Amino acid sequence: MTGVTRRHLLVGGGGLLLAGCDRITTSPTVLDTLTLGEAANRSAQRWLIADRQALAPEFTRADLSPVFRVNGSVRPETAEYTRYVTNGFADWQLRVDGLVAQPLALTLPQLRYAPSRTQITRHDCVEGWSAIGQWTGVPLGLLLRRAGLSSHARYIVFHCADTLLGKPYYESIDLVDAFHPQTILAHSMNGAPLSVGHGAPLRLRVERQLGYKQAKYIMRIEAVASLAALYGGKGGYWEDNRGYQWYAGI
Ligand SMILES: Nc1nc2c(c(=O)[nH]1)N[C@H]1C(S)=C(S)[C@@H](COP(=O)(O)O)O[C@H]1N2
Ligand SMILES: [Mo]
């Protein structure tokens with residue numbers, strides 16, 4: 001896919017709006033007919049979009065935390081997941097479906113050999129701890145483009161292998177975060193395959209958000225137009241059950 005199409009996907013209508021905004025605010029005749037409120041709204045929107053696309057800070061190997069806590073689920077307890085662990089995820093496949101032209105089923109070797117990004121970032125958990133780790137994985141945007149994301153899709157949902165207090169763990173992000181350059185499906189941490197504790201075989205890194213959005217044990221990725229029909233309807237396990245914010249930006 002070309003850079004132009006990618007950019008279009010990244011900024012969507014926002015890019016068009018910003019172009020129009022520049023023209024409008026430099027034209028005195030049009031400025032006269034605008035209320036102050038409308039101009040202020042456009043300006044605020046410009047800053048909001050720019051802010052969502054900014055990169056999270058990246059660190060060096062010297063900054064890696066000697067201990068990176070394992071938190072939440074440490075090992076999904078289903079028979080299916082136990083079988084995956086026993087055979088080294090040889091028959092595991094990531095499904096990508098929902099509002100896509102071409103649903104995908106990808107093996108771990110396919111994901112490992114796909115183009116990848118490595119980043120050293122700080123993970124911030126709402127419970128009050130942070131840790132710096134190195135993550136390697138496939139940019140989510142790349143997979144979504146390969147699957148032919150529909151123009152009706154608004155959210156990307158991550159279905160996980162584990163349950164907490166009997167409820168399935170899931171999370172979701174919007175397309176700005178899905179196509180953010182640091183949003184990857186990590187298969188490796190600190191240069192080694194992801195451990196079970198940290199979410200083997202695949203976990204999300206969405207670096208502009210808090211720890212609970214970093215879904216571990218991803219089994220299926222679903223593109224949807226609305227979050228309302230999924231589980232509690234609020235877009236994630238913590239959002240449904242604990243009232244956490246859906247957008248956990250940092
Ligand atoms: N599937 C799944 N993903 C999850 C969790 C979980 O319990 N299950 N916990 C979340 C929380 S609250 C945090 S802080 C991080 C912890 O990641 P870590 O175990 O690699 O430190 O994973 C997040 N992703
Ligand atoms: Mo967390």
Side-chain angles (χ1 to χ4, degrees), residues 56 58-59 63-85 89 92-96 108 111 118-138 140 155-173 177-178 180 182-222 227 230-232 234-250:
E58 294 195 15
F59 301 84
D63 303 313
L64 290 178
S65 298
V67 176
F68 196 119
R69 266 174 64 167
V70 162
N71 205 43
S73 293
V74 299
R75 174 183 286 263
E77 279 160 6
T78 64
E80 189 189 24
Y81 186 82
T82 305
R83 188 169 46 76
Y84 287 141
V85 173
F89 298 98
W92 173 88
Q93 287 192 321
L94 172 71
R95 282 181 292 146
V96 182
L108 199 47
L111 290 164
T118 293
Q119 59 205 28
I120 299 178
T121 53
R122 196 187 64 217
H123 175 108
D124 295 310
C125 173
V126 278
E127 291 163 19
W129 59 274
S130 299
I132 293 178
Q134 183 192 59
W135 307 98
T136 301
V138 191
L140 176 61
Y155 305 97
I156 305 301
V157 182
F158 305 90
H159 297 279
C160 305
D162 58 319
T163 57
L164 287 179
L165 302 174
K167 307 218 167 146
Y169 201 100
Y170 80 105
E171 259 306 336
S172 59
I173 59 177
D177 268 326
H180 187 283
Q182 289 170 321
T183 299
I184 63 173
L185 297 169
H187 50 66
S188 298
M189 177 189 185
N190 298 344
L194 210 54
S195 66
V196 167
H198 288 298
L202 199 68
R203 71 139 356 131
L204 178 66
R205 293 303 309 174
V206 50
E207 303 291 358
R208 299 291 311 283
Q209 296 208 46
L210 287 169
Y212 63 89
K213 301 296 286 192
Q214 321 294 326
K216 306 195 281 188
Y217 316 114
I218 299 173
M219 300 289 122
R220 175 179 168 224
I221 294 176
E222 184 187 11
L227 300 170
L230 290 156
Y231 304 104
K234 298 204 172 77
Y237 171 86
W238 299 102
E239 292 88 330
D240 285 346
N241 300 295
R242 294 282 184 86
Y244 284 15
Q245 292 292 313
W246 174 78
Y247 185 70
I250 45 176

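Predicted model only: the values in this text are computed from it and were never measured. Atoms within each ligand, like the ligands themselves, are counted from 1 in listed order.
- Residue-to-ligand polar distances place His198 within reach of ligand 1: an N/O pair is separated by less than 3.5 Å.
- Using the six-membered ring where Trp is involved, Trp129 and Phe68 have ring planes that are perpendicular, over 60° apart on the 30 and 60° scheme.
- Each of the following atoms of ligand 1 lies closer than 4.0 Å to a heavy atom of Arg69: 18 (P), 19 (O), 21 (O).
- Taking a cut-off of under 4.0 Å to the non-hydrogen atoms of Cys160, the atoms of ligand 1 that pass are 1 (N).
- At a 4.0 Å cut-off, at least one heavy atom of Gly197 sits close enough to ligand 1 to count as contact.
- What sits closest to atom 14 (S) of ligand 1 on the protein, heavy atoms only, is His123 NE2, 3.2 Å.
- At a 4.0 Å heavy-atom cut-off, ligand 1 touches Ser73 through backbone and side chain alike.
- Counting heavy atoms of neighbouring residues, nucleotides and ligands inside a 6.0 Å radius, atom CD of Gln245 does not exceed 12 of them.
- Contact check on Lys213 versus Glu239 returns a salt bridge, with a Lys/Arg side-chain nitrogen under 4.0 Å from an Asp/Glu carboxylate oxygen.
- Protein heavy atom closest to atom 9 (N) of ligand 1, with residue, atom name and distance, is Tyr169 OH, 3.6 Å.
- Protein heavy atom in closest approach to atom 17 (O) of ligand 1: Arg203 NH2, 3.1 Å.
- With hydrogens and angles disregarded, no donor-acceptor distance shorter than 3.5 Å links the side chain of Thr183 to the backbone of Leu140.
- Proximity of Gln214 to ligand 1, defined as any heavy-atom pair under 4.0 Å, is confined to the backbone N, CA, C and O atoms.
- Taking atom 3 (N) of ligand 1 as the reference point, the nearest protein heavy-atom neighbour is Lys216 N, 2.9 Å.
- Contact annotation for Glu127 and ligand 1: no heavy atom of the residue comes within less than 4.0 Å of the ligand.
- Annotation for ligand 1: atoms under 4.0 Å from non-hydrogen atoms of Gly72 are 7 (O).
- Using cut-offs of 30° and 60° on the angle between ring planes, the pair His159 and Tyr170 is parallel.
- Atoms of ligand 1 found under 4.0 Å from any heavy atom of Cys125, numbered from 1 in the order shown, are 14 (S).
- Of all protein heavy atoms, the one lying nearest to atom 23 (C) of ligand 1 is Gly211 O, 3.2 Å.
- Without hydrogens or angle criteria, Asp240 side chain to Lys234 main chain gives a donor-acceptor distance under 3.5 Å.
- The N/O atoms of Trp238, backbone and side chain alike, include none that comes under 3.5 Å of an N/O atom in ligand 1.
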Before giving the answer on ring pair (Phe, Tyr, Trp, His ring centres under 6.0 Å), spell out for Tyr237 and Trp246 the whole-Å C-alpha distance, their side-chain angles and the decisive distance to 0.1 Å.
CA-CA 10 Å; Tyr237 171 86; Trp246 174 78; over 10 Å; no
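- Shown in contact with Tyr212 at under 4.0 Å from a heavy atom are these atoms of ligand 1, numbered in order with element: 10 (C), 11 (C), 12 (S).
- Counting heavy atoms closer than 4.0 Å to ligand 1, residue Phe68 contributes side-chain atoms (C-beta onward) but none from N, CA, C or O.
- Of all heavy-atom pairs spanning Ala248 and Tyr212, the tightest one is CB-OH, 3.3 Å.
- Looking from atom 8 (N) of ligand 1 to the surrounding protein, the closest heavy atom is Asp162 OD2, 2.7 Å.
- At least one side-chain heavy atom of His187 sits under 4.5 Å from a side-chain heavy atom of Thr136.
- A salt bridge does not link Arg75 to Glu77: none of the charged nitrogens lies less than 4.0 Å from a carboxylate oxygen.
- In this structure, the side chains of Tyr84 and Tyr217 stay at 4.5 Å or more apart for every pair of heavy atoms.
- At a 4.0 Å heavy-atom cut-off, ligand 1 touches Tyr217 through the side chain alone.
- Contacts between Asn71 and ligand 1, counted as non-hydrogen atom pairs separated by less than 4.0 Å, involve both the backbone and the side chain.
- Judged by distance alone, the side chains of Gln182 and Glu58 do bring a donor and an acceptor atom under 3.5 Å apart.
- Residue contacts with ligand 1: Trp129 is included, with a non-hydrogen atom under 4.0 Å away.
- If you take CZ on Phe158 and CG on Leu202, they are separated by 9.5 Å, rounding to the nearest 0.5 Å.
- The side chain of Leu164, and not its backbone, has at least one atom closer than 4.0 Å to an atom of ligand 1 (non-hydrogen atoms only; side chain from C-beta on).
- Within the structure, ligand 1 lacks Lys213 among the residues with a heavy atom less than 4.0 angstrom away.
- Taking the six-membered ring where the residue is Trp, Tyr169 and Trp238 present perpendicular rings, their angle passing 60° and hence far from 30°.
- Contact between Met189 and ligand 1 is absent, with no heavy atom of the residue lying under 4.0 Å from the ligand.
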